[in-house]
Amino acid sequence: SKENGKNKYTMCSSFLQKQIEVNANLTNSLHLAIQRKEFILNYQPQVNAQTGEIVGVEALIRWNHPQKGLISPGVFIPLAEKNGLINHIGQWVLQEACEQNNKWQKMGLKPIKMAVNLSLGQFLNPNLVEIVENILKKTQLDPAYLELEITESIATYDVEYITSTLNRLKDLGVTISIDDFGTEYSSLSRLRIMPVDKIKIDMRFTQGIYRGTKDESIIKVMLQLGKTFGLKVLAEGVENEYQLRFLKENQCDEIQGFYFYKPMPAEELELILRGNKNI
Ligand code: C2E
Ligand code: CA
Ligand code: CA
Ligand code: CA
């Protein structure tokens with residue numbers, strides 16, 4: 001009946017209203033989260049596929065909300081991207097990650113790369129290069145140990161601007177990787193001219209590895225692509241022995257995934273790096 005339809009509509013709009021309120025509340029507390037020191041970074045090791053040795057880590061942000069507990073970046077990063085806070089948060093991440101990596105090196109641990117995610121909004125910030133340069137100076141991290149992860153979505157923007165920004169970043173001495181490779185806008189002609197060092201195969205391909213699936217064929221093509229362009233290839237989301245064996249047999253360079261390590265706090269990684277050192 002009409003009456004029912006109206007109720008449905010009211011219910012639906014009040015549900016939407018709730019969602020909007022929840023997001024508005026989160027956005028408000030997001031503003032304060034940095035000064036209240038509610039963000040933390042976890043670090044997920046990236047290993048040499050053949051030896052299993054840790055060669056780098058990816059910094060992954062978590063929000064320790066005073067009422068809601070740990071909130072995953074999948075929830076609040078998209079909000080921060082929408083309201084522009086991503087630049088502020090992204091700078092905090094960059095600074096914290098560089099500082100931490102320098103601290104580990106000063107402790108005498110084997111130097112490893114620190115990979116940091118850059119959102120599209122950060123990449124398009126005209127001050128990006130200066131920001132990275134200043135943070136490297138301030139934290140005294142050797143730029144060779146910083147890697148910036150960008151996504152393919154940048155490939156849809158002005159090619160001159162992208163390549164010149166990437167070149168200026170590379171002039172600082174940092175390396176660049178393409179995250180979630182193969183999931184968005186992939187253009188081979190752009191890949192050819194983009195000065196990047198590494199591609200990261202998205203986990204939805206890795207997790208499809210099983211006895212001759214299409215995903216296996218796609219991964220082989222990506223590995224071949226890496227060879228052709230002189231790029232390192234890392235596979236994300238490796239969770240089992242079978243996936244690892246396939247990637248090793250096909251000469252994948254690096255692996256990141258729960259099979260080896262989950263993201264962890266700095267202190268936990270420190271213990272592992274110390275253990276590695278004593279072997
Ligand atoms: P991403 O950059 O693709 O990061 C990898 C995600 O995959 C992480 O989720 C990680 O915990 C998860 N992962 C790694 N190995 C495995 C595995 O073997 N199996 C499964 N099922 N998952 C695995 P997380 O930490 O929840 O981050 C989600 C996304 O949030 C990231 O995806 C990235 O897009 C974004 N993000 C995280 N930290 C930052 C940051 O500091 N800045 C920006 N801009 N984005 C961030
Ligand atoms: Ca990433
Ligand atoms: Ca990824
Ligand atoms: Ca992603």
Side-chain angles (χ1 to χ4, degrees), residues 30 33-35 39 41 43 46 55-61 73 76-106 111-181 184-187 189-200 226 229-232 234:
L30 204 50
I34 292 185
Q35 64 191 74
F39 289 125
L41 292 185
Y43 302 92
Q46 304 175 322
V55 291
V57 289
E58 178 175 1
L60 294 160
I61 193 171
F76 68 86
I77 290 291
L79 278 182
E81 281 169 342
K82 251 185 244 149
N83 63 28
L85 279 175
I86 191 63
N87 271 291
H88 195 40
I89 296 172
Q91 271 186 59
W92 178 84
V93 172
L94 204 52
Q95 159 114 17
E96 177 77 12
C98 290
E99 217 167 83
Q100 183 59 255
N101 205 17
N102 192 44
K103 208 154 113 193
W104 284 330
Q105 293 187 10
K106 279 201 185 133
I112 56 172
K113 266 205 178 162
M114 174 64 70
V116 175
N117 291 287
L118 280 193
S119 281
L120 182 62
Q122 284 178 275
F123 188 81
L124 296 178
N125 178 344
N127 298 320
L128 173 69
V129 181
E130 286 72 29
I131 289 168
V132 174
E133 188 175 17
N134 284 335
I135 287 176
L136 285 168
K137 261 195 206 125
K138 205 158 39 168
T139 60
Q140 298 187 316
L141 177 68
D142 177 346
Y145 295 106
L146 176 63
E147 182 155 273
L148 300 174
E149 298 195 358
I150 57 174
T151 62
E152 291 167 308
S153 52
I154 68 157
T156 55
Y157 288 80
D158 179 55
V159 73
E160 300 273 314
Y161 183 74
I162 294 159
T163 47
S164 94
T165 304
L166 289 174
N167 277 320
R168 287 173 65 211
L169 287 169
K170 294 200 54 150
D171 285 345
L172 297 177
V174 308
T175 55
I176 313 280
S177 67
I178 304 185
D179 201 3
D180 306 339
F181 188 75
E184 283 175 78
Y185 177 91
S186 295
S187 157
S189 59
R190 292 248 166 140
L191 185 62
R192 188 171 58 83
I193 53 173
M194 285 212 300
V196 300
D197 304 280
K198 188 189 280 181
I199 52 182
K200 296 185 75 178
F229 288 116
L231 308 174
K232 278 220 168 85
L234 178 149

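Not measured: the values here are computed from a predicted model.
- In this structure, Ile176 and Pro195 approach most closely via the heavy-atom pair CG1-O, 4.2 Å.
- Residues Tyr145 and Ile112 approach most closely at CD2-O, 3.5 Å, considering heavy atoms.
- Atoms CD1 and CD1, on Ile34 and Ile89 in that order, are 5.5 Å from each other to the nearest 0.5 Å.
- Residues Val196 and Phe229 are not in side-chain contact: their nearest non-hydrogen atoms beyond the backbone lie 4.5 Å or more apart.
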Val129 vs Leu172, side-chain contact (heavy atoms from CB on, under 4.5 Å): CA-CA, chis, key distance, verdict: CA-CA 8 Å; Val129 181; Leu172 297 177; 4.2 Å; yes
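- To the nearest 0.5 Å, the span separating CG on Asn83 from NE2 on His88 amounts to 11.5 Å.
- Atoms CG and CD, on Asn101 and Glu147 in that order, are 11.5 Å from each other to the nearest 0.5 Å.
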I would like to know whether Leu120 and Ile86 meet side-chain contact (heavy atoms from CB on, under 4.5 Å); could you show each step before the answer? CA-CA 9 Å; Leu120 182 62; Ile86 191 63; over 6 Å; no
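- Between Ile61 and Trp92, the closest side-chain pair of non-hydrogen atoms falls below 4.5 Å.
- When side chains are defined from C-beta on, Ser119 counts as touching Ile77, because their heavy atoms get closer than 4.5 Å.
- Separation of the Tyr161 and Phe123 ring centroids does not fall under the 6.0 Å cut-off.
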In sequence, state the C-alpha distance, the side-chain angles, and the governing distance for Met114 and Val57, and then conclude on side-chain contact (heavy atoms from CB on, under 4.5 Å). CA-CA 5 Å; Met114 174 64 70; Val57 289; 3.7 Å; yes
Walk me through whether Arg168 and Glu130 qualify under salt bridge (Lys or Arg N to Asp or Glu O under 4.0 Å). CA-CA 10 Å; Arg168 287 173 65 211; Glu130 286 72 29; 2.9 Å; yes
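- For the residue pair Glu58 / Asn117, a side-chain donor-acceptor distance below 3.5 Å is found, with atom types taken as modelled.
- Side-chain contact check for Met194 versus Val159: every heavy-atom pair is 4.5 Å or farther apart.
- Here the CG-NZ distance, from Asn102 to Lys106, works out to 4.5 Å after rounding to the nearest 0.5 Å.
- Minimum interatomic distance between Ala144 and Lys113 (heavy atoms only, all atoms of both residues): O-CE, 3.2 Å.
- Summarising the geometry of Gln122 relative to Gly90, their closest heavy-atom pair is NE2-CA, 3.2 Å, with the distance given to 0.1 Å.
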Set out, in order, the CA-CA distance, both residues' side-chain angles and the distance that settles side-chain contact (heavy atoms from CB on, under 4.5 Å) for Asp180 and Lys200, then state yes or no. CA-CA 6 Å; Asp180 306 339; Lys200 296 185 75 178; over 6 Å; no
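- Leu94 places a side-chain heavy atom less than 4.5 Å from the side chain of Leu148.
- Nearest heavy atom pair, residue Pro73 against residue Pro78, reads O-CD, 3.4 Å.
- Residue Leu128 holds its CG atom at 7.0 Å from OG1 of Thr165, rounded to the nearest 0.5 Å.
- Under the 30°/60° scheme for interplanar angles, the aromatic rings of Trp104 and Tyr43 are found to stand perpendicular.
- Distance check, rounded to the nearest 0.5 Å: CG of Leu141 to CD of Gln95 gives 11.5 Å.
- You'll find the side chain of Leu60 stays beyond 4.5 Å of the side chain of Leu41, heavy atoms only.
- Counted within 6.0 Å of NZ on Lys232, heavy atoms from surrounding residues, nucleotides or ligands total 12 or fewer; the atom is thus considered open.
- Put simply, the residue from Thr175, Leu146, Val174, Ile150 that forms a side chain to side chain contact (heavy atoms under 4.5 Å, CB included) with Leu169 is Val174.
- A donor and an acceptor atom, one from each side chain of Glu99 and Thr139, are nowhere located under 3.5 Å apart.
- No side-chain heavy atom of Leu231 sits less than 4.5 Å from a side-chain heavy atom of Asp197.
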